[in-house]
Number of protein chains: 2
Amino acid sequence: MQKKAALETPSIQSLGRGLSILEAVAQSSEPVPLRNLTTLLGIDRSSVFRLANTLKQRGFLAHPNGRKEYVLGPSVWRLSRKYGRSTLVTFCHEHLKRLAAKTGETAHLAVREGTQALFIDHHAATDQVVAVSGRTGDFMPLYCTAHGKALIADLEVAELTALFGDAPLQAHTKRTIVSIDRLAEACALVSAKGFATDDREFLEEVRCVAAPIRDRDGAIVASIGISAPLTRLPKKRCLIAARQASDIARAISASLMP
Amino acid sequence: MQKKAALETPSIQSLGRGLSILEAVAQSSEPVPLRNLTTLLGIDRSSVFRLANTLKQRGFLAHPNGRKEYVLGPSVWRLSRKYGRSTLVTFCHEHLKRLAAKTGETAHLAVREGTQALFIDHHAATDQVVAVSGRTGDFMPLYCTAHGKALIADLEVAELTALFGDAPLQAHTKRTIVSIDRLAEACALVSAKGFATDDREFLEEVRCVAAPIRDRDGAIVASIGISAPLTRLPKKRCLIAARQASDIARAISASLMP
DNA sequence: CAGTATGTTGCGTATTACGCAACATATCTG
DNA sequence: CAGATATGTTGCGTAATACGCAACATACTG
């Protein structure tokens, strides 16, 4: 019985050990032999085998191509497919509402799919006659939208080339960044400042700001931001909104760390 | 100790119960209260609480916005991000090699990312002077490649419209399907036959065939197929290769069912 | 081939997970 | 609103399970 602190509910040891096995196999780039798991848990290998075998029977671990080492199994996949969207939306919706309320503009939550950003939730602007509409379910290019640039903020030239290819990027407006080198500079700026902007790079009449949401490892898992008509988001207000988005992204990031 | 069969290694009961909790929460479209989990496991609620709390402490479950119900937590996300590519590649690589050997053409494994297919592994054609090159890491449109069409085979008009929007699809060749209605017909055909073809719809000189890989629930999780120069893949050989791809896809699908 | 490493199974018992009861908090009903 | 009920959380003793040991099976190495 592992007591972390006197006031905390003790955990179920066997379940914890099973989860440690799962995490170790997930961390490994190679299939993991039982011996490594035995070293990890520090208990007798027969016990480790029974834990790992339970995970395998339930499809959380698998033996690839009849070998003896373990990799993650299809049950993890089924789990993750349910996880991706609805749970993140559940977590972030209150934050989206707060961002929309604070800025008075339409706020969106986006995740990355391939070379595109997918809007998975939004909260519409309140008290505005003219506003950017909700685009939940829509795909946008990563490279010329604030939400997209926030999602790829950590990528450098080689990674951006791998993602988008060698050819120039398609221009959507006169202001669209079309070269990988310029995009890499923009991404580095996003990384440094903690927020991204889109100054008429995708739509002529629209300015956006967005900030990356990071998980415990520092990986960017989503982005949150606002879009507004150009006239309502002058440079100074843009900066204020960017800071607000950035603060809220950080709060969400904190809630993703167990 | 739950003995399914006399010759099978017994599983660790507490770990199994924890996994059952995880699966139940993943299956639910709503946050799950402890009471429902208690009903599911059929044991005392204090024990269920301790199992669920262990999962929560480890980040596999979470309480959204301070509520008492459970949803999947960020550790599941971390697990799944490691799972997606490398494990599927590990499972499928031998099958890819076999498909390339059987057909004599370059074989690819693809997954869906948004509106695109991503090639995540390939095995190059052997004994060919001119062959389609390996495209691992490249994104392709879903709607005009065999691998892509195999990935969206189960989608109907409404889902395809949601995915691609209302506007006509961009033509890559004279033969590209550019209307959602025609694409839906093509997808229905893929679903019925068990394989997809690309007859110069993306590249003028290339024909492809591909088949969907399904998991236990019947969901399409990847596609596997070959690409060859037009001259080497006449209609009759196309059909043979399609059957070969389909057979191998089915074998992979079977290995994804614990 | 013999020795060693690694994976798997059987068995007895030490340890842990369980159930019960009490307490805390939230919700519902008249 | 007060009282009853439902639901979540904690403490404790013990029944049941998970553990370690040993044996067996399989694979690898010199």
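The chains referred to below are lettered A, B, ... by the order of the sequence lines, with proteins before strands, and numbering in each begins at 1.
Annotation: side chain of B:S223 is not in contact with side chain of B:R112 (no heavy-atom distance under 4.5 Å). Counting heavy atoms from C-beta outward, A:L19 and B:L55 have side chains that approach closer than 4.5 Å. Side-chain contact between A:L79 and B:L22 is present, with heavy atoms from C-beta onward closer than 4.5 Å.
Computed from C1' positions of five pairs at each end, the angle between the two local axes of the helix from C:dC1-D:dG30 to C:dG30-D:dC1 equals 40°, rounded to 10 degrees.
Residue A:H63 contributes atom NE2, which lies 9 Å from atom P of C:dG7 at whole-angstrom precision. The separation between A:N53 atom CG and D:dA18 atom C1' is 15 Å, rounded to whole Å. Taking atom CZ on A:R50 and atom P on C:dT15, their separation rounds to 17 Å, with Å as the unit. Taking atom CD on A:Q57 and atom C1' on C:dT8, their separation rounds to 13 Å, with Å as the unit. As a whole-Å value, the separation of A:L51 CG from C:dT8 C1' is 14 Å. Distance A:L37 CG to C:dT8 C1': 15 Å, rounded to the nearest Å. A:L55 places its CG atom 13 Å from the P atom of D:dA18, with the value rounded to the nearest Å. We find that CD1 of B:I12 is positioned 14 Å from P of C:dT8, with the value rounded to whole Å.
B:D217 places no side-chain N or O within donor-acceptor distance of the main-chain N or O of B:A219, the cut-off being under 3.5 Å. Side-chain atoms of A:S246 never come within 3.5 Å of backbone atoms of A:F195 as a donor-acceptor pair (strictly under, hydrogens ignored). Side chain of B:T39 to main chain of B:R35: a donor-acceptor pair is present (N/O by atom type, distance under 3.5 Å, no hydrogens or angles). For B:T54 (side chain) and A:I12 (main-chain N/O), a donor-acceptor pair under 3.5 Å exists by modelled atom type.
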Check your understanding: Do B:K97 and B:D121 pass the salt bridge (Lys or Arg N to Asp or Glu O under 4.0 Å) test, and can you show the C-alpha distance, the side-chain angles, and the key distance before you say yes or no?
Key -> CA-CA 10 Å; B:K97 280 171 67 178; B:D121 196 16; over 6 Å; no

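Among the protein residues, A:R17 comes within range of the sugar-phosphate backbone only, with heavy atoms under 4.0 Å from sugar or phosphate atoms but none that close to a base.
Checking the phosphate oxygens (OP1, OP2) of C:dT16, no side-chain nitrogen or oxygen of B:S14 falls inside 4.0 Å.
Of all the residues in residues 38-49 of chain A, A:I43, A:D44, A:R45, A:S46, A:S47 reach under 4.0 Å from DNA chain D with at least one non-hydrogen atom.
When the salt bridge (Lys or Arg N to Asp or Glu O under 4.0 Å) test is applied to A:R232, the partners found at least two apart in sequence or on another chain are A:E105. Partners of B:H108 under the ring pair (Phe, Tyr, Trp, His ring centres under 6.0 Å) rule, at least two apart in sequence or in another chain, are B:F119, B:H122. Partners of B:S20 according to the side-chain hydrogen bond (donor to acceptor under 3.5 Å, both in side chains) rule, which considers only residues two or more places apart in sequence or in another chain, are A:R58.
Candidate nucleotides C:dA17, D:dG8, D:dT17 were compared by shortest atom distance to the side chain of B:Q13, and D:dT17 ranks first.
A salt bridge is absent between B:K102 and B:D247; no separation between the charged side-chain nitrogens and carboxylate oxygens falls under 4.0 Å.
Between A:L15 and A:R35, the residue whose closest nucleotide on DNA chain C is further toward the 5' end is A:R35.
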List every contact pair, protein side and nucleotides 28-30 of chain D side both N or O, where the distance is under 3.5 Å.
none

